[in-house]
Amino acid sequence: QVQLVESGGGSVQAGGSLRLSCAASGYSYSIYWMGMGWFRQAPGKERGGVAAIDSEGSTSYADSVKGRFTISQDNAKNTLYLQMNSLKPEDTAIYYCAADFRRRPPVWALETTRYNYWGQGTQVTVSS
């Protein structure tokens with residue numbers, strides 16, 4: 001059974017940094033993820049895409065995080081990362097890791113419907 005487990009969330013002051021990790025397990029490591037991504041959901045808001053990376057290493061970012069967040073992956077460790085710098089209070093949300101074995105059009109990269117495996121989420125709180 002495929003599992004995605006996020007870690008690294010916490011509380012930080014505005015301007016600070018956090019690095020989120022997402023460990024994947026429960027699948028044959030001879031099969032590669034075609035797409036992985038980070039999403040977030042703030043109270044009262046819909047879950048939205050933050051950053052995504054495909055099997056060729058191409059990345060996509062939401063406009064609100066460009067230049068501040070960096071997505072990366074370590075295939076040897078089956079782990080996805082999100083480095084978050086210059087955090088703002090509006091970045092406060094539950095952050096979710098998502099992944100899929102299917103190849104899909106790049107334009108779908110930040111769409112929730114693109115992914116069929118999800119983690120449980122990790123809370124990020126940024127205070128002013």
Side-chain angles (χ1 to χ4, degrees):
Q1 182 176 355
V2 175
Q3 279 194 313
L4 301 176
V5 179
E6 303 96 335
S7 61
S11 297
V12 65
Q13 288 192 326
S17 298
L18 285 173
R19 188 175 82 153
L20 305 183
S21 299
C22 172
S25 63
Y27 63 100
S28 171
Y29 296 147
S30 64
I31 302 174
Y32 295 98
W33 297 110
M34 290 294 105
M36 300 189 80
W38 289 98
F39 291 74
R40 66 186 181 187
Q41 187 167 17
K45 295 187 176 181
E46 293 187 354
R47 189 174 301 187
V50 175
I53 188 166
D54 67 16
S55 60
E56 297 177 354
S58 296
T59 56
S60 303
Y61 294 94
D63 288 343
S64 60
V65 306
K66 283 180 181 176
R68 300 188 298 123
F69 291 10
T70 303
I71 189 171
S72 62
Q73 59 188 10
D74 184 334
N75 290 328
K77 296 182 179 179
N78 300 304
T79 302
L80 181 73
Y81 302 101
L82 184 68
Q83 178 66 45
M84 305 186 294
N85 298 329
S86 302
L87 283 162
K88 304 175 181 180
E90 50 264 44
D91 294 319
T92 295
I94 299 175
Y95 283 71
Y96 298 90
C97 170
D100 203 296
F101 291 120
R102 301 169 297 177
R103 188 179 299 277
R104 288 292 184 266
V107 70
W108 294 9
L110 295 179
E111 299 294 329
T112 57
T113 52
R114 188 259 181 272
Y115 302 94
N116 59 3
Y117 295 103
W118 291 85
Q120 293 300 306
T122 185
Q123 176 71 47
V124 171
T125 303
V126 185
S127 58
S128 57

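Taking OG of Ser55 as the reference point, atom CG of Asn75 lies at 9.5 Å (rounded to 0.5 Å). Distance check: Ser17 OG to Phe69 CZ gives 9.5 Å after rounding to the nearest 0.5 Å. The CD atom of Gln3 sits 11.0 Å away from the SG atom of Cys22 when rounded to the nearest 0.5 Å. Between the OG atom in Ser21 and the CD atom in Gln83 there is a gap of 9.5 Å [rounded to 0.5 Å]. Rounded to the nearest 0.5 Å, atoms CZ (Arg68) and OH (Tyr61) are 12.0 Å apart. In this structure, CH2 on Trp33 lies 7.5 Å from CG on Asp100, to the nearest 0.5 angstrom.
Both Val12 and Val65 sit in one connected hydrophobic cluster of ILVMFWY residues. Membership requires side-chain heavy atoms under 4.5 Å apart, directly or through other members.
Counting only heavy atoms from C-beta outward, the side chains of Arg104 and Glu111 never approach each other to under 4.5 Å. Within the 4.5 Å cutoff, side-chain heavy atoms of Val124 are placed close to those of Met84. In this structure, Asn116 and Arg102 have side chains that are in contact, with non-hydrogen atoms separated by less than 4.5 Å. The shortest distance between side-chain heavy atoms of Met36 and Ile71 does not fall below 4.5 Å.
Centroid-to-centroid, the aromatic rings of Tyr96 and Trp38 stay 6.0 Å apart or farther. When ring centroids are compared, Tyr27 and Tyr117 stay outside the 6.0 Å threshold.
The existence of a salt bridge linking Asp63 and Lys66 is confirmed by a sub-4.0 Å separation between a basic side-chain nitrogen and an acidic carboxylate oxygen.
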Trace of the side chain to side chain contact (heavy atoms under 4.5 Å, CB included) decision for Leu82 with Arg40
CA-CA 12 Å; Leu82 184 68; Arg40 66 186 181 187; over 6 Å; no

Run the side chain to side chain contact (heavy atoms under 4.5 Å, CB included) test on Leu20 and Glu6 for me, step by step, so that the C-alpha distance in whole Å, both residues' side-chain angles and the decisive distance to 0.1 Å come before the verdict.
CA-CA 7 Å; Leu20 305 183; Glu6 303 96 335; over 6 Å; no

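Looking only at distances, a side-chain donor or acceptor of Tyr115 sits under 3.5 Å from a matching main-chain atom of Ala109. Panel note: side chain Thr59, backbone Ile53; no donor-acceptor pair is recorded below 3.5 Å.
Considering every non-hydrogen atom in both Val50 and Tyr95, the closest pair reads CG2-CE2, 4.3 Å. Listed here is the closest heavy atom pair of Ala42 and Ala93: N-CB, 3.8 Å. Residues Ser72 and Leu80 come closest through the heavy atom pair O-CD1, 3.3 Å. The minimum heavy-atom distance linking Ser128 with Ala14 is given by the pair CA-CB, 4.3 Å.
Within a 6.0 Å sphere centred on CD of Gln123, other residues, nucleotides and ligands contribute more than 12 heavy atoms.
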